[in-house]
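Quick note on labels: first sequence line is chain A, next is B, and so on, each numbered from 1.
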Amino acid sequence: MTKDQVCTILEEIALLLELKGENVFKFRAYQNAVRALELFTGDFSTLAQEGHLPKIDGIGKAIAEKITELVQTGKLPYHEELKAEFPPEIFDLFEIQGLGAKKIKALNDQLGVSSIPLLEKACREKMVETLPGFGEKTQEKLLAAIELHHAHAKLARRGKVAPIAEAILEMMRTHPDVTRLSLAGSYRRAKEVLGDLDLVVSSKYPESVMNGFASLPEIDSILLRGPTKMSVRLKSGIQCDLRVVSDAEYPFALNYFTGSKEHNVELRNRALTLGWTLNEYRLASVDETKSPPCIRDETELYQALDLAYIPPELRENTGELEAAAQNRLPKLIEWSNLRGTFHNHTTASDGKNTLQEMVDAADELGLDYLGIADHSKSSVQANGLSEERLLNQLAEIRALQQAGSPVRIFTGVECDILKDGSLDFADDLLSQLDYVVASVHSSFTLSEEEMTARIIRAMENRYVTMLGHLTGRILLTREPYAVNIPKLIDCAAATGTWIELNANPYRLDMDWRWWHLAKDKGVKCVINPDAHQTKGLLDLFYGVGIARKGWLTRNDVMNCLPLSEIETALRRKRQLA
DNA sequence: GCCGTTTTCGGCCCGACTGTTTTCAGTCG
């Protein structure tokens, strides 16, 4: 049983305990355990088999025993028994906005409402308003929430949200009563998928700012509105929350609403140990024996807690507070550090722009070098190149280069890793290219062992410079294929193979949660847009955000190297072998 | 159920908003 499967079961246990009306701290302990497991990148199954799980902070004796039982037997009677107490569809009800465990329990106990369709029926028959604690308005809101649930997926990819978010920010920036403003929440932390959008504003005239916000053209409907807080539904279906505070409160509000929740809890705990109490408005003395320092921005806020400034992308409670306390936070990579990129397509395979157009776009973007890596012959669906067509492209690129291209063009290929781990082209062809991106595009359903062995075999080829989109995931659409990522990281370190950070907002693969580990093992990252048209090059922006979340610096990312050094770097692995 | 420089009991972040209440419970972030 994998870690993910264990997490799913623990998550269900938490919900079931909450439904039963158990002690809140009990089910929260299960949620904390899931969180701890998700962040844990060590050897999970060995630890579970040997009973060393309590070494992970947040997992105690009781939960560790349950996990061990799950890993060893694949079953957990405790979970089965809990589950038997409720109909299985009841979990869906948690996705309806406005419904929590207490209300779901009341609906189930008193009306037999145990699924979204039954809830819809009960609302339409006006049964819900008869329950104590419920009323006519609640009933209406539930119907609206059900409709919304049908209409929109709960999460949106960063690439969908970003243009809207930046547009709202720019429009609000021009409002005369806005003093300071920032996007906050998971957007500011550069998360790959977002549940909503948060905007924090400081102003002397909150009413005026709220009116301005309410009249933005992007807004579809207002979900709730108080004196300082407003939630709206945007036309794109995304929820957007606005908070207006005074300018003195702004650094605290911005920090609080940037999160993550776990980072905030740690920060508050740290404040307490220093004799301060921290909330979204201020820092205050616990016993009023001392007056707090003047805090005008987030840097001063972290300073007051004896911490170096922690960039938003790192605020996931994965060791950033400890590092900030010891002043050993990395200097994170920035957009301007990128000098080139490697995984790009042209009309030769399934791209929408020609070689010349891609080169011009790279030049306009200020890149010094561009790698072309079209698909190989087995990717028939993507018009993959035959040996002959690849050699033709090679000649075309050399001619373009000699004609005086402003951008250095590197010749590569995105070479399919076949089912058995062999490559789509023979070594003598690969050796004529500057580099090779090796990717899986078929047979996604192999077992974890087979898939891991398949990719390892490909990495052991001296001509494979880098590994493309490591897990094949399409965010919110296709699950990653089963593969042992720690083993792949170890192999990349041993063979000197770079791992791609695929910057396409549909992929963002390898996931940011693994980069810190990869970096510690000495694995090099390469940020590639997997561009299929000129504007796709801009996806590099999303890649930098994820690299920052993964604690990476310019030294960890190969395409930060200047042109004078990248050529040698591309040749290094093939010369080692 | 977890945790520990208030340590084996007694805490566990906490404020805003809504709706149903008539002082508060539930939900959300």
Side-chain angles (χ1 to χ4, degrees), chain A residues 10 13-14 17-37 53-67 78 93-107 128-142 144-145 154 184-187 189 194-200 206 210 222-231 239-245 249 252-253 255-284 286-287 317:
Chain A
L10 293 180
I13 292 176
L17 291 174
E18 200 181 358
L19 271 179
K20 283 189 66 168
E22 278 276 5
N23 178 337
V24 286
F25 298 108
K26 186 167 170 177
F27 71 76
R28 207 172 285 169
Y30 279 88
Q31 291 172 332
N32 290 339
V34 170
R35 173 80 193 172
L37 270 186
L53 284 170
K55 284 183 182 165
I56 302 175
D57 207 31
I59 297 180
K61 190 158 166 280
I63 294 182
E65 277 173 8
K66 292 190 175 75
I67 295 174
Y78 177 71
L93 290 175
F94 282 94
E95 295 183 10
I96 301 297
Q97 203 161 35
L99 279 188
K102 297 272 167 55
K103 285 193 169 158
I104 293 174
K105 186 169 167 24
L107 286 164
V128 170
E129 64 180 42
T130 65
L131 295 184
F134 291 75
E136 210 175 325
K137 277 201 159 181
T138 306
Q139 189 168 262
E140 280 167 23
K141 287 209 160 185
L142 284 176
K154 284 217 59 163
S186 45
Y187 181 80
R189 301 201 314 277
L194 313 168
D196 66 3
L197 203 53
D198 298 282
L199 183 65
V200 179
M210 302 255 288
I222 294 173
L223 301 174
L224 62 85
R225 178 172 181 167
T228 64
K229 173 180 173 170
M230 177 152 55
S231 284
Q239 182 175 325
C240 181
D241 296 338
L242 167 73
R243 286 299 285 256
V244 188
V245 296
E249 293 165 339
F252 304 98
N255 187 252
Y256 182 86
F257 291 107
T258 296
S260 64
K261 191 177 150 198
E262 291 77 11
H263 176 87
N264 289 353
V265 169
E266 282 303 304
L267 209 58
R268 286 179 175 211
N269 284 340
R270 184 175 178 88
L272 283 174
T273 65
L274 296 170
W276 305 109
T277 166
L278 174 67
N279 62 25
E280 64 247 60
Y281 301 114
R282 63 193 60 85
L283 187 73
V286 169
D287 50 13
N317 193 27

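- Judged by closest nucleotide on DNA chain B, A/G60 is the one of A/L223 and A/G60 placed further toward the 5' end.
- The same atom, P, is picked in B/dC14 and in B/dT8; the two are 22 Å apart, to the nearest Å.
- The two residues A/L131 and A/A106 make their nearest non-hydrogen contact at CD1-O, 4.2 Å.
- As judged by a 4.0 angstrom heavy-atom cut-off over every strand, A/G185 is placed among residues making no nucleic acid contact.
- A/T228 comes within 4.0 angstrom of the backbone, heavy atoms only, and of no base.
- Between B/dC2 and B/dC13, the distance separating the two P atoms is 16 Å to the nearest Å.
- Contact annotation: the side chain of A/D198 never approaches that of A/Y187 to less than 4.5 Å [non-hydrogen atoms, C-beta and beyond].
- The side-chain heavy atoms of A/E280 and A/V245, taken from C-beta on, include no pair separated by under 4.5 Å.
- When the C1' atom is used for both B/dA25 and B/dT20, the distance is 9 Å, rounded to whole Å.
- For the P atoms, the distance from B/dT6 to B/dC12 is 14 Å, rounded to whole Å.
- If you run side chain to side chain contact (heavy atoms under 4.5 Å, CB included) between A/S231 and each of A/L223, A/L242, A/D196, A/I222, only A/L223 comes through.
- In this structure, CE of A/M230 is placed 14 Å from C1' of B/dC17, rounded to the nearest angstrom.
- Applying the Watson-Crick and G-U wobble criteria (two distances, each under 3.5 Å), B/dG15 pairs with B/dC28.
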Protein heavy-atom contacts under 4.0 Å, written 5' to 3' over nucleotides 20-29 of chain B as B (base), S (sugar-phosphate only) or - (none), form the string SS----SSSB

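- Residues from residues 19-29 of chain A with heavy atoms under 4.0 angstrom of DNA chain B, sorted by number: A/N23, A/F25, A/K26, A/R28, A/A29.
- B/dG15 and B/dG10 are spaced 24 Å apart, taking the P atom of each and rounding to whole Å.
- Remark: A/K105 pairs with A/D109 by the side chain to side chain donor-acceptor pair (under 3.5 Å) rule, at least two apart or across chains.
- Residue A/I63 is the one, among A/I63 and A/L278, whose nearest nucleotide of DNA chain B lies closer to the 5' end (criterion: closest heavy atom).
- Rounding to whole angstrom units, CD1 of residue A/I222 and C1' of B/dC17 are separated by 15 Å.
- The shortest side-chain heavy-atom distance between A/V244 and A/M230 does not fall under the 4.5 Å cut-off.
- Residue-level contact check: A/K66 touches the backbone only, with heavy atoms under 4.0 Å from sugar-phosphate atoms and none from bases.
- Taking the side chain to side chain donor-acceptor pair (under 3.5 Å) definition, one finds that A/Y281 meets it with A/R243, sequence neighbours left out.
- Under the side-chain contact (heavy atoms from CB on, under 4.5 Å) criterion, A/E266 pairs with A/N269, A/N317, A/L321, sequence neighbours left out.
- With contacts defined as side-chain heavy-atom distances shorter than 4.5 Å, the pair A/F252/A/N279 does not qualify.
- At least one side-chain heavy atom of A/F94 sits less than 4.5 Å from a side-chain heavy atom of A/E18.
- Distance CG (A/L283) to C1' (B/dC14): 16 Å, rounded to an integer number of Å.
- The side chain to side chain donor-acceptor pair (under 3.5 Å) search around A/K20 returns A/E85, not counting sequence neighbours.
- Rounded to an integer number of Å, the gap from A/L37 CG to B/dC2 C1' is 14 Å.
- Separation of the P atoms belonging to B/dT27 and B/dT21 is 15 Å when rounded to the nearest angstrom.
- Between the CZ atom of A/F252 and the C1' atom of B/dG15 there is a distance of 16 Å, rounded to whole Å.
- Contact check, A/Y281 against B/dA16: a side-chain N or O comes under 4.0 Å of OP1 or OP2.
- As a whole-Å value, the separation of A/L53 CG from B/dG1 C1' is 15 Å.
- Regarding A/N269, its CG atom lies at a distance of 9 Å from the C1' atom of B/dC12, rounded to whole Å.
- When rounded to the nearest whole Å, the span between CD of A/E266 and P of B/dC13 equals 10 Å.
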